[in-house]
Number of protein chains: 2
Amino acid sequence: MNRVGRAPMYQQIAEALRQQIADGTLAAGAQLPTEAELTDLYEVGRGTVRQGLTLLVNEGLVVPTRPRGYFVRKREPMVFRPQAEFRKRPYSVEMDAFVTEHSADGRSPRQMIEVAIMEPPQDIAKRLQLEDGQLVAVRRRIRWLDGEPFNLNDSYFPLDLVSESEILRPDDISRGANEVLAELGYRQVRALDELYVRMPTPDEARRLELGAGTPVAYHICTGYTENGQPVRVAVTVLPGDRHVITYERKREASEDAQ
Amino acid sequence: MNRVGRAPMYQQIAEALRQQIADGTLAAGAQLPTEAELTDLYEVGRGTVRQGLTLLVNEGLVVPTRPRGYFVRKREPMVFRPQAEFRKRPYSVEMDAFVTEHSADGRSPRQMIEVAIMEPPQDIAKRLQLEDGQLVAVRRRIRWLDGEPFNLNDSYFPLDLVSESEILRPDDISRGANEVLAELGYRQVRALDELYVRMPTPDEARRLELGAGTPVAYHICTGYTENGQPVRVAVTVLPGDRHVITYERKREASEDAQ
DNA sequence: CGCAGGACATTGTCCAGTCAATGCGAGCAA
DNA sequence: TTGCTCGCATTGACTGGACAATGTCCTGCG
């Protein structure tokens with residue numbers, strides 16, 4: 001265990017384990033050597049070994065499970081398809097096949113809904129083009145799959161538009177909140193999606209039961225009516241280890257020349 | 001300073017600093033107290049203070065700069081718009097405004113291109129529906145902005161389709177590789193985008209100069225011709241701290257009833 | 001047989017220290 | 001003024017220890 005090379009010892013340890021994970025020596029779900037074993041193997045202090053393991057944990061490759069040891073992480077993402085709200089079925093065979101392949105068949109879904117009326121956070125207010133003091137209704141959802149939290153979804157509506165509608169009731173709206181909004185005269189015809197990638201806040205990590213090294217996608221969708229009025233902002237927090245986000249795109253006739 | 005509460009000391013330290021960052025006491029770019037100062041302030045060992053700071057680093061909130069200290073991270077994302085390859089201009093005023101607001105005006109772009117012929121990695125081969133042994137051409141690009149690496153973009157083409165075309169030359173193709181492909185008779189009319197969110201590999205971290213706590217979006221775009229043949233797979237690695245990914249969606253007349 | 005309790009292996013938290021690496025600025029030299 | 005060197009503050013790497021927390025598993029009792 002040559003330490004003169006260059007890289008610090010803890011990085012060498014991490015790299016060796018990373019290799020074994022990459023080439024399959026350590027398969028998904030397999031247990032890594034214990035800290036004690038690595039300490040003996042590399043003839044370093046336990047702190048150094050822990051530093052190396054922490055690196056792998058923060059890369060999302062490995063999960064520490066007290067007091068059983070470290071294990072190689074598994075990844076089996078589910079499809080998240082923002083376009084589905086305007087288009088129930090994919091319109092190309094390629095997309096259809098992809099969704100089918102990563103489907104949630106046989107898994108048991110569940111969700112918790114909570115409704116509140118509040119002053120909007122700044123970024124929401126901006127996207128809804130609200131004046132100071134205007135309130136919003138928010139429907140907060142946590143979605144579960146097989147007893148594990150899967151994603152967070154908060155939908156914001158200007159309170160003016162939805163007061164006294166069923167959007168304010170914390171029940172499942174089977175035909176969708178968008179449909180209710182349409183019935184109220186605010187049919188969305190366009191949406192703007194923004195996707196940010198970052199580490200979760202401690203609060204998000206707690207609610208989604210995220211281990212260290214699990215980043216999230218932060219999806220903000222703003223829905224507009226025909227005349228350009230924003231009527232809904234949906235914020236979804238998607239753990240990176242549990243999702244693939246997909247879109248389908250079509251070239252349009254008018255855009256022919258590039 | 002109370003350690004009887006519950007949370008370990010290093011988490012309390014992290015939480016206190018996190019608070020100050022959130023409420024603006026520590027603004028973006030500001031310096032945090034040094035390890036020594038925190039050691040005195042909380043009356044704990046240096047190791048404990050470092051454990052707390054490491055937490056913040058891995059959350060992407062803070063950047064350690066040896067030997068100057070720890071600083072609050074800045075975030076100024078640039079727009080990445082996959083739809084742009086089929087549609088140069090956004091078609092709604094909302095999207096147009098958003099792109100303008102986050103534009104790269106005045107920044108100096110640069111890119112390095114490298115071309116290779118290789119056996120495709122498995123995930124690429126699968127998306128291009130290649131048989132065993134079929135080769136691909138790959139155009140690897142690193143894009144820079146203001147001297148900082150911005151993203152990695154590798155485009156794969158079945159070698160059969162592009163041999164002897166200018167796609168194999170490591171030059172900038174001003175009209176776009178897609179246009180060349182179209183001239184060769186493989187005009188893409190549909191694309192499937194997949195977005196994965198994860199921590200970077202050490203190699204990606206090195207090439208993109210990513211600090212700890214910076215996740216990446218892994219964008220895989222598969223382009224299809226009219227008859228459903230996949231002719232291009234583009235893999236883009238986007239550092240989370242430097243990008244927003246946006247899409248624009250339209251409800252279509254035929255999808256009226258949800 | 002079933003269950004309660006305890007031993008054990010393993011990671012989590014924390015301490016007190018050493019020496020290395022490095023960017024910056026003060027101060028000196030040309 | 002300009003340029004170079006060197007000291008210094010600060011983080012990085014690492015040691016070797018102690019005790020806590022917590023699933024697992026085995027033992028033994030009822």
Side-chain angles (χ1 to χ4, degrees), chain A residues 1-17 26 29-59 61-73 202 205-206 209-213, chain B residues 1-17 26 29-59 61-73 202 205-206 209-213:
Chain A
M1 305 305 139
N2 157 28
R3 77 173 57 191
V4 298
R6 249 176 343 274
M9 209 51 207
Y10 77 97
Q11 287 178 18
Q12 291 184 39
I13 297 173
E15 182 51 32
L17 292 169
L26 287 166
Q31 178 169 12
L32 274 65
T34 66
E35 292 177 359
E37 286 165 0
L38 291 169
T39 303
D40 292 348
L41 180 57
Y42 289 95
E43 294 171 354
V44 295
R46 182 174 164 228
T48 305
V49 165
R50 279 179 69 80
Q51 225 179 327
L53 288 166
T54 301
L55 216 68
L56 298 180
V57 169
N58 285 323
E59 283 171 18
L61 287 177
V62 151
V63 181
T65 318
R66 185 162 69 159
R68 297 198 294 119
Y70 292 82
F71 295 84
V72 181
R73 187 166 196 165
R206 191 179 42 74
E209 294 173 18
L210 301 177
Chain B
M1 327 289 165
N2 159 25
R3 78 174 55 193
V4 296
R6 249 177 344 276
M9 209 50 206
Y10 77 97
Q11 287 178 16
Q12 292 183 39
I13 298 173
E15 182 52 30
L17 292 169
L26 287 167
Q31 180 171 11
L32 274 66
T34 65
E35 292 177 359
E37 286 166 0
L38 291 169
T39 303
D40 293 348
L41 180 58
Y42 289 95
E43 294 171 354
V44 295
R46 183 175 163 226
T48 305
V49 166
R50 278 177 70 81
Q51 222 179 331
L53 287 167
T54 301
L55 217 71
L56 298 180
V57 169
N58 285 323
E59 284 171 17
L61 288 177
V62 152
V63 181
T65 318
R66 186 164 69 155
R68 297 198 294 118
Y70 291 82
F71 294 84
V72 181
R73 186 167 199 164
R206 192 178 41 75
E209 294 173 16
L210 301 177

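Just so we're on the same page: letters track the sequence lines, and every chain starts at 1. Being a predicted model, the structure only gives us computed values, none of them experimental. These numbers come from the heavy atoms of this one structure, side chains and all, not from hydrogens, waters or symmetry mates.
Of the possible polar contacts, one joining the A:Gln31 side chain to the A:Arg68 backbone as a donor-acceptor pair under 3.5 Å is found. Judged by distance alone, the side chain of B:Glu35 and the main-chain N or O of B:Leu53 form no donor-acceptor pair under 3.5 Å.
Sequence order on DNA chain D of the closest nucleotides to B:Pro67 and A:Pro67 puts B:Pro67 first from the 5' end. The nearest heavy atom of DNA chain C to B:Gly45 and to A:Arg50 marks one nucleotide each, and the one closer to the 5' end goes with A:Arg50. Between B:Arg46 and B:Val49, the residue anchored closer to the 5' end of DNA chain C is B:Val49, taking for each the nucleotide with the nearest heavy atom.
Close to C:dC15, at under 4.0 Å from its OP1 or OP2, lies a side-chain N or O of B:Thr48.
Residue contacts shown for B:Gly47 are absent, as no nucleic acid heavy atom lies under 4.0 Å away.
Rounded to an integer number of Å, the gap from OH of B:Tyr70 to P of D:dT10 is 12 Å. The distance from atom CD of B:Gln51 to atom C1' of D:dA13 is 16 Å, rounded to the nearest whole Å. Nucleotide D:dG16 holds its C1' atom 14 Å from the CG atom of A:Asp40, rounded to whole Å. In this structure, CD of B:Gln11 is placed 6 Å from P of C:dT13, rounded to the nearest angstrom. With rounding to whole Å, B:Glu35 atom CD is found 9 Å from D:dG12 atom C1'. Rounded to a whole Å, the CG atom of A:Leu32 is 13 Å from the P atom of C:dT10. Look at OH on A:Tyr42: it is 21 Å from C1' on D:dG16, rounded to the nearest Å. One can place CZ of A:Phe71 at 9 Å from P of C:dT11, the figure rounded to the nearest angstrom.
Checking C:dT11, D:dT11, D:dA13 against the side-chain heavy atoms of B:Thr34 singles out D:dT11 as nearest. Nearest to the side-chain atoms of B:Val44 among the listed nucleotides C:dA20, C:dC15, C:dT11 stands C:dC15. For A:Pro8, counting side-chain heavy atoms from C-beta on, the closest listed nucleotide (C:dC14, C:dC24, D:dA13) is D:dA13. Of the candidates C:dG23, C:dA21, D:dC14, C:dG23 carries the atom nearest the B:Arg68 side chain, counting heavy atoms from C-beta on.
A heavy-atom distance below 4.5 Å is found between the side chains of A:Leu32 and A:Val72. Residues B:Tyr70 and B:Val57 form a side-chain contact, since some pair of their non-hydrogen atoms from C-beta on lies under 4.5 Å apart.
Interatomic distance, A:Arg46 CZ to A:Thr34 OG1, rounded to the nearest 0.5 Å: 10.0 Å.
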